[in-house]
Amino acid sequence: MNIQPLTSMSAAQYELLLSADPSPVMVASYVNRALKFAAQIDHKLVGVLLLLPTHPQTLEIVNLAVSQCHQNQGIGTQLLQFAENWAHQKHYRTLEIATGSTSFGPLYLYQKQGFRITSIERDFFSQHYPQTIWENKLILKDLIRLQKTLL
């Protein structure tokens, strides 16, 4: 897999971002400020990663998306490892990520990679997203924030 920085977003890359965050308004709030990376296999887009410095020495993964046909193949893990290595090289000490309380797959992946839950923002999705989001047969309401200290 080849991960390269992006200077702009193609329509396909933007659509992939929306698969991880279904709100164009929310994506627009961070996409232009974020450091953007695309993952390709054999010149085919398989993932997108957006990183955003939020505090001194803290970098947040604001969007990590893997195309549906390439999920469960280790690409998300590789993107997380890339983000961690990139952050470490740039002297960040903390890496953060957030996900929905009903996003069982991503939540498992992040914890497997050493992220720990730091907080829960109750009713985040019902307050910030205009439409109800159903995931795993549950209504998504709460946002879970996770953090990893980089050595």
Side-chain angles (χ1 to χ4, degrees), residues 1-54 58-90 92 94-115 117-118 120-121 124-148 150:
M1 183 170 70
N2 183 23
I3 302 173
Q4 293 296 320
L6 297 170
T7 54
S8 61
M9 298 293 299
S10 70
Q13 294 160 344
Y14 191 78
E15 285 299 315
L16 198 49
L17 292 177
L18 290 173
S19 72
D21 185 342
S23 170
V25 172
M26 292 299 279
V27 171
S29 74
Y30 57 73
V31 70
N32 292 327
R33 298 179 295 132
L35 303 157
K36 299 171 252 323
F37 299 89
Q40 296 182 334
I41 296 176
D42 297 327
H43 304 288
K44 182 178 180 181
L45 178 67
V46 297
V48 179
L49 171 69
L50 269 58
L51 305 175
L52 186 65
T54 56
T58 301
L59 187 67
E60 182 177 354
I61 300 168
V62 292
N63 197 307
L64 188 157
V66 175
S67 64
Q68 189 169 357
C69 62
H70 289 92
Q71 292 180 4
N72 299 310
Q73 297 178 20
I75 293 168
T77 299
Q78 290 179 61
L79 285 168
L80 285 172
Q81 290 169 346
F82 174 87
E84 183 175 344
N85 291 336
W86 191 93
H88 189 263
Q89 289 173 2
K90 301 295 182 186
Y92 288 96
T94 305
L95 192 57
E96 297 179 332
I97 196 164
T99 192
S101 59
T102 58
S103 303
F104 305 138
L107 187 56
Y108 173 72
L109 172 64
Y110 304 153
Q111 290 182 89
K112 193 167 75 169
Q113 291 302 307
F115 286 84
I117 295 171
T118 56
I120 297 172
E121 292 185 39
F124 177 89
F125 291 97
S126 51
Q127 291 175 359
H128 293 92
Y129 286 71
Q131 295 182 356
T132 301
I133 301 171
W134 285 88
E135 191 174 43
N136 295 310
K137 299 181 181 177
L138 297 169
I139 295 175
L140 176 57
K141 295 179 183 176
D142 304 329
L143 179 87
I144 297 178
R145 292 201 175 275
L146 301 98
Q147 191 176 82
K148 182 174 185 177
L150 306 177

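Count residues from 1 along the sequence.
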Pairwise distance CG(Leu95) to OG1(Thr54) - rounded to 0.5 angstrom: 9.5 Å
Under the salt bridge (charged side-chain N to carboxylate O under 4.0 Å, His left out) test, residues paired with Glu135 that sit two or more places apart: none
The criterion is side-chain contact (heavy atoms from CB on, under 4.5 Å); which residues satisfy it with Gln73, sequence neighbours excluded? His70
Counting heavy atoms not belonging to Asn72, are there more than 12 under 6.0 Å from its CG? no
What side chain to side chain donor-acceptor pair (under 3.5 Å) pairs are there with at least one residue in residues 23-36, not counting sequence neighbours? Asp21-Tyr30, Tyr30-Asn63
Spatial distance of atom OG1 (Thr7) from atom CG (Leu35) [nearest 0.5 Å]: 12.5 Å
Sort and list the pairs that fulfil ring-ring contact (aromatic ring centres under 6.0 Å, His included) and have at least one residue in residues 31-50, not counting sequence neighbours. Phe37-Phe82, Phe37-Trp86
Taking atom CD of Gln68 as the centre, does the number of heavy atoms from other residues, nucleotides or ligands within less than 6.0 Å exceed 12? no
Phe104 side chain near Leu138 side chain, heavy-atom distance below 4.5 Å: yes
Rounded at 0.5 Å granularity, tell me how far CG in Leu51 sits from CG in Leu59. 5.0 Å
Do the side chains of Arg145 and Glu96 get close enough for a salt bridge, i.e. N-O under 4.0 angstrom? no
Name the residue from Gln89, Lys90, His88 that meets the side chain to side chain contact (heavy atoms under 4.5 Å, CB included) definition with Tyr92. Lys90
Going by side-chain contact (heavy atoms from CB on, under 4.5 Å), name the residues that satisfy it together with Tyr14, two or more places apart in sequence or in a different chain. Leu17, Leu18, Pro24, Val27
Apply side-chain contact (heavy atoms from CB on, under 4.5 Å) to Leu45 and list each qualifying residue two or more places apart in sequence or on a separate chain. Ala12, Gln13, Leu16, Ala38, Val48
Contacts table for residues 106-114: side-chain donor-acceptor under 3.5 angstrom, sequence neighbours left out:
residue	atom	partner	partner atom	Å
Gln111	NE2	Leu107	O	3.4

List the residues meeting salt bridge (charged side-chain N to carboxylate O under 4.0 Å, His left out) with Glu84, not counting sequence neighbours, and say none if there are none. Lys148
How long is the span from the CD1 atom in Ile97 to the CD1 atom in Ile61, to the nearest 0.5 Å? 4.0 Å
So which heavy atom on Ala34 is nearest to which on Val62, and how close? CB-CG2, 4.3 Å
What's the spacing between Ile41 CD1 and Ile75 CD1 if we round to 0.5 Å? 4.0 Å
What one should report as the nearest heavy-atom pair of Val66 and Gly76 is CG2-N, 3.9 Å
List in chain and number order the residues that pass side-chain hydrogen bond (donor to acceptor under 3.5 Å, both in side chains) with Asn2, two or more places apart in sequence or in another chain; answer none if no residue qualifies. Gln4
For Ile139 and Thr102, work out which heavy atoms get closest and say how close. O-CG2, 4.1 Å
Spacing of OG1 belonging to Thr94 relative to CD belonging to Glu60, to within rounding of 0.5 Å: 12.0 Å
List for me each residue that meets side-chain contact (heavy atoms from CB on, under 4.5 Å) alongside Asp142, sequence neighbours excluded, and say none if there are none. Ser101, Ile120, Arg122, Asp123
Please name the residue in the list Leu64, Ile3, Leu6 that meets the side chain to side chain contact (heavy atoms under 4.5 Å, CB included) test with Leu49. Leu64
ring-ring contact (aromatic ring centres under 6.0 Å, His included) with His128: which residues, sequence neighbours excluded? Phe124
Can you list everything that forms a ring-ring contact (aromatic ring centres under 6.0 Å, His included) with Tyr129? Sequence neighbours excluded, please. Phe125
